[in-house]
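Notes follow the structure.
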Amino acid sequence: MWFRPQHLPQGWFVVAESREIDGGPIGVTFFDRDFVIYRGESGKPVMLDAYCKHMGTHLGKNSSAMLIVADVGGKRIEGDAIRCPYHGWRYNAEGDVDDIPYHDGPCPKSASIRSYPVVDNMGCIMMWFDEQGEAPLYPAPYLQQWDEAGWVHWNLDHLPELDIHPQEVLDNMADNRHLGPTHGAPCEYFENEIKGHVLIQRQGGAMALYGGVMLYTTTWYTGPGVLLSKQVWGDTTQFEMIANTPVGDGRIKAWHGCLVKAQGETVGPEDYDMARQVQAGALEAFSKDFEIWQHKAPALKPMAMKTEGPFLNNRKWYGTFYGDSGNELTGQSALNGFYHVPGVATPAEREHAIDDGIPI
Ligand code: FES
Ligand SMILES: [Fe+2]
């Protein structure tokens, strides 16, 4: 593969909640582009560039067009295709025009727009973004617990858009020294691991605000856009998700949620209350990072101390999603391995044993 540096990172990214497209097509903006997302009649989500090639109409931002004449069928969505609200040209799920209501014969190929790989996954619509249109290199992040009995699903928190390079959000993965000052839970052991397109952090420590209860976490990014974290404290087990998606260069949107283990085998009404409280508590913890990010200046080159986590290494890993290392997978595997911090215990030394049931 030729080395072509990208302007925006490649990977799987959250672009909407699943339920947002249940009511019809929506328009969203990410990666400095406008898109339409809709659910086809088969149930499959479809994501296309937003603008009809005929005369530039936004395919997802229309609530009033009639589309009622018989030859157009009166519907925006037909099968997995969508009609433009202006003159009724029909785009199929691959982004090709396959019907023009007042035209016989083949539809122009030049009317095609780009279609993006999308999955409906854990209550989220996730897209694979690659500036050059490369197909997905790995599956979208997924937790099997989402489809098992006994887990309360998240209700995603939508955070305000934020002017920050997403790299700084991922700096958190190496940041062993902010856990005390920012979150009140200094870590007693710490490790990063890189496994190809997955970046992992294992850490744990006593939570000062909760009577010194130990918190154990294994957190991993599957590519640059989706963080999942298994967190165990007392008799609570939860998975947290934090998704960040570039809106443009230097601006992101983020979502947050917690998938929480019910007390019994199945989910009872009291588990919902408990799960909402757990998510609110986790959001409060995350908000402490968020507030710092809202007001900070860019850290183009962190002044890393030896007793801090491997920021610069993790940034190298992040850079592979821009094609900075040529072939992404080769660039990542060169970084594969465990990273420890001088003077800080490792998970192996501190009986960290929470990695079961995690897809890493
Ligand atoms: S602008 Fe889309 S059909 Fe005319
Ligand atoms: Fe943090």
Side-chain angles (χ1 to χ4, degrees), residues 25 27 34-36 38 48-62 64-69 71-73 75-78 81-92 95-103 107-108 110-113 157 159 162 164 166-187 190 192 199-205 207-209 215 217-221 227-229 231 240-244 252 254 256 258 281-296 299 302 308-309 311 314:
D34 298 323
F35 304 96
V36 55
Y38 62 93
L48 305 173
D49 274 334
Y51 298 109
C52 176
K53 280 280 176 70
H54 178 220
M55 285 174 59
T57 295
H58 195 304
L59 297 170
K61 293 204 171 174
N62 190 282
S64 60
M66 307 295 282
L67 291 174
I68 52 167
V69 290
D71 58 358
V72 177
K75 294 202 296 186
R76 296 286 308 281
I77 308 298
E78 292 175 27
I82 185 169
R83 290 271 179 199
C84 176
Y86 210 7
H87 312 92
W89 291 25
R90 188 176 68 191
Y91 279 92
N92 65 21
D96 301 318
V97 172
D98 64 1
D99 183 59
I100 297 173
Y102 45 86
H103 169 78
C107 300
S110 56
S112 296
I113 53 179
D157 301 304
L159 288 114
L162 188 61
I164 193 168
Q167 169 65 84
E168 296 215 36
V169 174
L170 274 82
D171 280 345
N172 240 244
M173 291 292 280
D175 198 346
N176 62 322
R177 296 294 173 188
H178 88 296
L179 295 164
T182 307
H183 298 291
C187 75
F190 186 88
N192 277 154
L199 169 63
I200 304 161
Q201 178 206 70
R202 297 182 181 86
Q203 70 88 31
M207 296 187 288
L209 299 179
L215 168 69
T217 74
T218 297
T219 303
W220 70 102
Y221 268 92
L227 170 153
L228 293 164
S229 179
Q231 304 169 346
E240 185 174 26
M241 181 181 80
I242 297 173
N244 80 84
I252 63 161
H256 170 266
C258 288
L283 178 63
E284 195 178 324
F286 178 46
S287 300
K288 297 179 194 308
D289 291 311
F290 207 82
E291 188 185 3
I292 287 172
W293 297 336
Q294 276 175 313
H295 304 289
K296 75 185 293 303
E308 289 185 298
F311 288 108
N314 287 4

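Computed from a prediction, not measured in an experiment: that's the story for all the values here. We count ligands from 1, going down the list as the structure has it; atoms in each ligand are counted the same way.
Aromatic ring orientation, Phe286 versus His256: parallel (interplanar angle below 30°, classes split at 30° and 60°). The aromatic rings of His54 and Trp89 sit parallel to each other, their planes meeting at less than 30°, with 60° as the upper class boundary.
With respect to the salt-bridge test (charged N to carboxylate O, under 4.0 angstrom), the residues Asp34 and Lys61 do not qualify.
The residue from Thr219, Thr218, Asn192 that alone fulfils the side chain to side chain contact (heavy atoms under 4.5 Å, CB included) condition with Arg202 is Thr218.
Atom CD of Gln294 has more than 12 neighbouring heavy atoms from other residues, nucleotides or ligands inside a 6.0 Å radius. For OH of Tyr86, the number of neighbouring non-hydrogen atoms (other residues, nucleotides, ligands) closer than 6.0 Å is 12 at most.
Not one N, O or S atom of Thr182 sits under 2.8 Å from the Fe ion (ligand 2). Within the coordination shell of the Fe ion (ligand 2), defined by N, O or S atoms under 2.8 Å, Asp175 is absent.
With the Fe ion (ligand 2) as the vertex, NE2 of His183 and OD1 of Asp289 span 90° to the nearest 10°.
Protein residues having at least one heavy atom under 4.0 Å from any atom of ligand 1 are Cys52, His54, Met55, Thr57, Cys84, Tyr86, His87, Gly88, Trp89, listed by chain and number.
A donor-acceptor pair under 3.5 Å links the side-chain atoms of His178 to the main chain of Asp175, judged by distance alone.
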